[in-house]
Every structure is written in C-alpha cells, then in structure tokens.
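In what follows, a single structure is set out as structure tokens and then discussed.
Note: hydrogens, waters and symmetry copies are ignored here, and every other heavy atom, side chains too, is used.
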Amino acid sequence: MARIKILYFEDEPFLGRIVKESLESRDFEVSMVVDGKDALPEFLKFQPDICVLDVMLPSTDGFAIAVEIRQKTPAMPIIFVTAKTQTEDLLKGFESGGNDYIRKPFSMEELIVRVNNILQLSSQKNNAKVSDSIPIGKYEFIPLRFELKFESAVKKLSHRESTLLQLLNENKNATLLRKDILLKLWGDDSFFNSRNLDVYITKLRDYLKEDKSIEIITIKGIGYQFTVG
C-alpha cells in the first residue's frame, strides 16, 4: 500500500526535523520545504497527497503559497500551521484555500488526526458521482467539484466549506448539534475548532445570501437549523 505523501512547509529547521521524523516513523512519506521560494517547484516535483503549510515562511507567506497550489491543483488538501488565532487570520487562510488550521504548539497525534480526517473527506468526495448536482433553493451545489452556482456565477468552495454545506443540506429543517458538526468535520469539539466553525458558518451565509429563502439559523447553545423556503 502506497504511503501518504505530505509536503511540509516549516521555516524552523529544528522543529521541522522533529515533525518530519515523527511523521516518517508513523509511515508517512514527507518532503520538507523551509523557504517559500522553493514551495511550488517542490510541490510539482513531489506531488503530495496533502500539504501542511506554516503561515510564516521566508520569501513569501503561506497564504500566497496556498493560492499558487490551488491554481495548480484546486482540490489539494491544505492544513495551515500557525500561532495566529485572530478571526481575520482564519478568514484569510480559508479564503486562500486552506481546509483546516492547527495552532502551535501542537501534538503529533492532533496533526495526524487532522491529516487523516481531511484525506478521508477528500476520498469520500472523489468517490462520488461526477454528475452529482444538488439543488439548494435557487443555487446548484456540485460537491465533487466544490462548486456553488447561482445563475451564471460560480463560487469555488474549500473542502471544508463543501462538506459543511452538504452536512447542513442533508439535515435540512432539522436541528444539527454543534458538537456533532465539530466531531464530523474536525474530529474533536475544542474551542479552537469551534471558532473555525463560526467562521465557516459566516462564509456560507454570505455565499447563499442571494436566495432569501435560505437560512442558517443559530440555535444558541445547541447548534444550527438549515432551512430552504
């Protein structure tokens, strides 16, 4: 069985070596990049299954690298590693194509859970039928292509946005527990992931705002209701 290939971007060589060796000891194949200028050439050469990308890199930041990677391979899973936790930083990461965030300092167990979780979500989408198209009000949602269409406009979604929208739609008009969403999408219901979920809900509301019959209703302290008039 082929090993999972991780392209790991880290500007701190000592930390990078520890993480790289720890992942390799768990049977991952890892290539490490320490300078942003080497990012795209190594990505094209190594052809990873997933990228673990430090936000702060020499030459260029992780957000810009994520945009370049997305242009080459739109469905490539990307995890950002960062010490930043402000909402604007999270939004910038998601807008540049990130699927998930992990905060420094992190445990190897947490990183591996997140890697496996995202790859599992990606695999589920790749096994779906190419023709799958889901009507949501006046929108057309195509999970496999991570696309949300409204009239002639097409919005590209991240893996996580697409998975959350699909989960909400599958539980339409029912109350979806916040904890269940967190466990499904991230594998745990930590405070940090809870903040990530808030960001994703805000973004989906914005994407769906052209159809006033669609609502993502917050049930305070419980979860959400997704309604389509």
Side-chain angles (χ1 to χ4, degrees), residues 51 53 55 61-67 69-71 74-80 82 84-103 114 117-118 121-122 124-125 134-151 153-172 175-220 222-229:
C51 295
L53 180 54
V55 170
D61 66 38
F63 299 132
I65 293 170
V67 171
I69 288 173
R70 279 275 182 255
Q71 289 172 347
M76 175 58 57
I78 297 173
I79 297 176
F80 281 118
T82 181
K84 298 182 176 183
T85 58
Q86 297 300 315
T87 300
E88 56 268 27
D89 295 317
L90 299 179
L91 283 170
K92 187 175 181 182
F94 296 137
E95 287 167 357
S96 65
N99 300 101
D100 201 358
Y101 255 91
I102 187 168
R103 182 176 51 182
R114 290 180 184 273
N117 190 39
I118 288 179
L121 293 173
S122 177
Q124 288 170 355
K125 287 185 172 61
I134 302 170
I136 301 179
K138 297 177 182 177
Y139 289 83
E140 180 186 2
F141 174 42
I142 306 170
L144 182 58
R145 297 208 298 263
F146 315 107
E147 288 180 353
L148 185 64
K149 295 183 178 181
F150 179 77
E151 297 177 348
V154 179
K155 175 66 182 178
K156 278 287 188 183
L157 305 177
S158 71
H159 277 265
R160 197 77 71 179
E161 289 167 349
S162 181
T163 303
L164 177 57
L165 180 55
Q166 193 162 2
L167 185 61
L168 289 168
N169 191 63
E170 287 170 354
N171 293 272
K172 201 178 331 184
T175 298
L176 191 56
L177 298 180
R178 186 179 183 88
K179 183 174 182 177
D180 289 346
I181 299 173
L182 290 166
L183 292 173
K184 176 75 174 178
L185 268 67
W186 281 277
D188 70 70
D189 58 350
S190 68
F191 174 74
F192 186 64
N193 288 335
S194 185
R195 290 186 63 194
N196 285 346
L197 177 58
D198 292 336
V199 172
Y200 277 115
I201 291 291
T202 298
K203 289 172 75 65
L204 287 183
R205 283 175 174 149
D206 184 59
Y207 298 159
L208 297 165
K209 66 185 178 183
E210 300 301 330
D211 187 342
K212 303 302 181 186
S213 73
I214 301 174
E215 288 188 275
I216 304 175
I217 302 167
T218 300
I219 311 298
K220 191 172 181 181
I222 298 174
Y224 299 96
Q225 276 188 355
F226 185 63
T227 64
V228 181

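To the nearest 0.5 Å, atoms CD1 (I142) and NZ (K149) are separated by 4.0 Å. For the atom pair CG of D206 and CD1 of I201, the computed distance is 13.0 Å after rounding to the nearest 0.5 Å. To the nearest 0.5 Å, the span separating CD1 on I214 from CZ on R205 amounts to 13.0 Å. Residue C51 holds its SG atom at 10.0 Å from CD1 of I79, rounded to the nearest 0.5 Å. From K179, atom NZ reaches atom CD1 of I222 across 14.0 Å, with rounding to the nearest 0.5 Å. With rounding to the nearest 0.5 Å, the separation of CD in Q225 from OG1 in T175 is 4.0 Å.
Within the 4.5 Å cutoff, the side chain of R70 has no heavy atoms near those of the V67 side chain. The shortest side-chain heavy-atom distance between E147 and L157 does not fall under the 4.5 Å cut-off. I134 is not listed as a side-chain neighbour of L165, based on a closest heavy-atom distance of 4.5 Å or more. Side-chain contact between Y224 and I219 is absent, with no heavy atoms from C-beta onward closer than 4.5 Å. Within the 4.5 Å cutoff, side-chain heavy atoms of F226 are placed close to those of I136.
Taking every heavy atom of both residues into account, L168 and I216 meet most closely at CD1-CD1, 4.0 Å. In terms of heavy atoms, Y200 sits closest to D100 at OH-N, 4.4 Å. Scanning all heavy atoms of the two residues, the minimum distance from P143 to S162 falls at O-OG, 3.7 Å.
The aromatic ring centroids of F150 and Y207 lie 6.0 Å or more from each other.
F141 is linked by a ring-ring contact (aromatic ring centres under 6.0 Å, His included) to nothing, counting only residues two or more places apart in sequence or in another chain. In this structure, the side chain to side chain contact (heavy atoms under 4.5 Å, CB included) partners of D180, at least two apart in sequence or on a different chain, are L177. Legend: residues meeting side chain to side chain contact (heavy atoms under 4.5 Å, CB included) with L167, ordered by chain and number and at least two apart, are E170, N171, L176, I181, K184, L185.
Between D198 and R195, no side-chain nitrogen of the basic residue sits less than 4.0 Å from a carboxylate oxygen of the acidic one, so the salt-bridge criterion is not met.
Of the possible polar contacts, one joining the R178 side chain to the S194 backbone as a donor-acceptor pair under 3.5 Å is found. Side-chain atoms of K155 do not come within 3.5 Å of backbone N or O of L208 as any donor-acceptor pair. Under a 3.5 Å cut-off, the side chain of D211 and the backbone N or O of K138 do form a donor-acceptor pair.
Taking the six-membered ring for Trp and thresholds of 30 and 60 degrees, F80 and Y101 have ring planes inclined between 30 and 60 degrees apart.
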